[in-house]
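Structure first, commentary second.
What you see is a predicted model, and the numbers here were worked out from it, not measured in a lab.
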Number of protein chains: 2
Amino acid sequence: MILKSQVEWALHCCAILAGLPDGRYLSTKALAEFHGLPKEYLSKALQSLSQAGLVHTTLGPSGGYRLAKSPAELSFLDIVEAVEGKTRTFVCNNIRANNPCRPQGYCESSPCAVARIMWEADEAWRERLRSVNLAQLTETLSQEIPSKLWKSSFEWVLDRAG
Amino acid sequence: MILKSQVEWALHCCAILAGLPDGRYLSTKALAEFHGLPKEYLSKALQSLSQAGLVHTTLGPSGGYRLAKSPAELSFLDIVEAVEGKTRTFVCNNIRANNPCRPQGYCESSPCAVARIMWEADEAWRERLRSVNLAQLTETLSQEIPSKLWKSSFEWVLDRAG
DNA sequence: TTAAATAGGGATATTTATTGTCCTTAATAA
DNA sequence: TTATTAAGGACAATAAATATCCCTATTTAA
C-alpha cells in the first residue's frame with residue numbers, strides 16, 4: 001500500500017505556489033518543468049486540487065494556478081485527500097458475516113471491531129497530516145535550502161508566472 | 001491507497017487463533033471456510049504470518065496454525081506489517097533534485113521536508129497499530145458478540161482443530 | 001481582431017499491483 | 001501406508017496507477 005506519486009507532486013507544487021506573489025499564476029508547464037514531471041499527467045493532479053477548491057485557476061496565456069487560501073489555511077491532509085481521495089485506507093468487507101455458525105437473518109449492531117481499530121489508526125494518520133500546513137512547510141524549506149538556490153528558484157518561478 | 005484484503009483476513013484469522021487452546025492447531029481449510037475466503041489465496045497470507053514468526057505451523061493431518069506468542073504480545077502492527085510489508089506508505093522520489101536551478105553536483109544534506117512530514121504521519125499510523133494487541137481485540141469481541149454465537153463459533157473451531 | 005497559450009476533460013494505452021488458481025513437494029499424523 | 005497438511009513456484013485474471021494523446025472553451029497578449 002503506497003500513496004500515488006501524484007500526492008508527492010501535488011505537495012511540491014503547492015509548496016511552490018505558496019511562494020507566489022498575490023495575483024500571479026503558475027502554469028502546469030512551468031510546474032512540470034521545475035519538478036521534472038510529465039506535464040499531461042501532472043495536470044490531472046492539479047485538476048484534483050482545483051476540484052477540491054484548494055487552488056484557483058485562470059485560462060489563456062499567463063494563466064495557471066494559484067492557491068485559493070493562505071498557506072497557513074492549507075493542511076497536508078487537504079492536499080493528500082484532494083489527490084488520493086477521502087476513502088479510508090482500510091476497507092471492511094465484513095467477512096465475519098460468513099461465519100457458518102450465524103443464525104439466519106442475524107444482523108450485527110455495530111461495525112466490526114477489527115475495522116474500528118484499523119479506522120482509528122487511519123484517523124491518527126489523518127490527524128497528523130491535518131496538523132501540518134503549507135506555511136509550516138515553506139518555513140522549514142526556507143531554513144533548509146541554501147539561500148542562493150532558494151533565491152534562484154524563486155526568480156525562475158517569477159520569470160514564468162503570469 | 002487501500003490496504004490489501006489479506007490484511008483483514010490475517011487479522012480475523014489471528015483473532016480466531018487467539019482463542020485456540022494450547023497445543024492445538026487450525027488448518028487453512030478451516031480458517032478459509034469459517035471466513036468464506038478462497039483457501040489457496042488465504043494460504044499466502046498465512047504464509048506471510050509464518051515467515052514473520054507470528055504463527056507456528058505443523059504439517060500432516062491435524063496440522064495447521066497456532067499463534068507463536070501470547071495474544072497480548074501480538075500487536076495489530078505485527079500482523080499488518082507481516083502481510084503488507086514494512087515499507088512506508090509514502091515513497092519519496094526526490095523530485096526536488098530536478099530543480100533546474102540546482103548547481104551541478106549539488107547534494108542535499110537531509111531528506112526532503114515533504115517526505116519527513118509524510119513519514120511522521122506514517123509513523124503515527126504505525127504507533128496506533130502498535131498500541132493495540134490481540135488480547136484487547138478478543139476482549140472486545142467477547143463483549144460484543146452474542147454469547148450464543150461466540151460459543152457455537154468456538155465449538156465449530158474446536159471440532160476442526162488438530 | 002486574431003493567434004497563441006491555457007485549464008479541463010475524454011479516450012485510450014502501458015505498466016504495475018492485487019487477487020486468485022493450480023500444481024508439486026516434503027513432512028507428518030492416523 | 002495413506003491421507004492430509006504447509007510451503008511455495010508458476011501462472012492467469014483483474015484492478016489500479018501511470019501515463020499519452022487529442023479536442024474544446026476560454027482568455028490574454030500581440
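D:dT27 atom P lies 10 Å from atom NE2 of A:H56, rounded to whole Å. For the pair A:I2 CD1 and D:dA16 C1', the interatomic distance rounds to 13 Å; values are reported in whole Å. Distance, B:K29 NZ to D:dT5 P: 6 Å, rounded to whole Å. One atom, CG of B:L31, and another, P of D:dT4, lie 18 Å apart when rounded to the nearest Å. With rounding to whole Å, A:L46 atom CG is found 8 Å from C:dG8 atom P. What separates CZ of A:R66 from P of C:dT6 is a distance of 18 Å, to the nearest Å. Look at CG on B:L3: it is 19 Å from P on D:dA15, rounded to the nearest Å. Atom P of nucleotide D:dA7 and atom CG of B:L42 are separated by 12 Å, given to the nearest angstrom.
Taking side-chain N and O atoms only, B:T57 has a distance below 4.0 Å to OP1 or OP2 of D:dA7. Close to C:dG8, at under 4.0 Å from its OP1 or OP2, lies a side-chain N or O of A:S50. Close to C:dT18, at under 4.0 Å from its OP1 or OP2, lies no side-chain N or O of B:S5. In terms of phosphate contacts, A:Q51 brings no side-chain nitrogen or oxygen within less than 4.0 Å of OP1 or OP2 of C:dG8. Contact check, B:T28 against D:dA6: a side-chain N or O comes under 4.0 Å of OP1 or OP2.
Taken from CD in A:E108 to CG in A:N99, the straight-line distance is 11.0 Å, to the nearest 0.5 Å.
Judged by distance alone, with hydrogens and angles left aside, B:K44 brings a side-chain donor or acceptor within reach of the base of D:dG9, the pair sitting under 3.5 Å. Scanning atom types as modelled, no donor and acceptor separated by under 3.5 angstrom connect the side chain of B:E40 and the base of C:dG20.
Residue A:G64 is classed as a sugar-phosphate contact, given heavy-atom separations below 4.0 Å to backbone atoms only. When heavy atoms are screened at a 4.0 angstrom cut-off, B:S43 is found touching no nucleic acid atom at all.
Between the B:Q136 side chain and the B:N133 main chain, a donor and an acceptor come within less than 3.5 Å of each other.
For B:L59, taking side-chain heavy atoms from C-beta onward, the closest of the listed nucleotides D:dA7, C:dT19, D:dA6 is D:dA6. Out of C:dA4, C:dT28, D:dT18, the shortest distance to the side chain of B:P61 is found at C:dT28.
The shortest side-chain heavy-atom distance between A:F34 and A:S153 falls under the 4.5 Å cut-off.
Nearest-nucleotide positions on DNA chain D place A:P38 closer to the 5' end than the other of A:P38 and A:S62. Both B:Y41 and A:T58 lie near DNA chain C, and the one whose nearest nucleotide falls closer to the 5' end is A:T58. Of the two residues near DNA chain D, B:Y65 and A:E84, the one whose nearest nucleotide lies more 5' is B:Y65.
Note: A:Y25 and A:H56 have tilted aromatic rings, judged against thresholds of 30 and 60 degrees for the angle between ring planes.
With 3.5 Å as the limit, one finds a donor-acceptor pair spanning the side chains of B:N94 and B:R96.
Salt-bridge annotation for B:E123 and B:R130: present, with a side-chain N of the basic residue lying under 4.0 Å from a carboxylate O of the acidic one.
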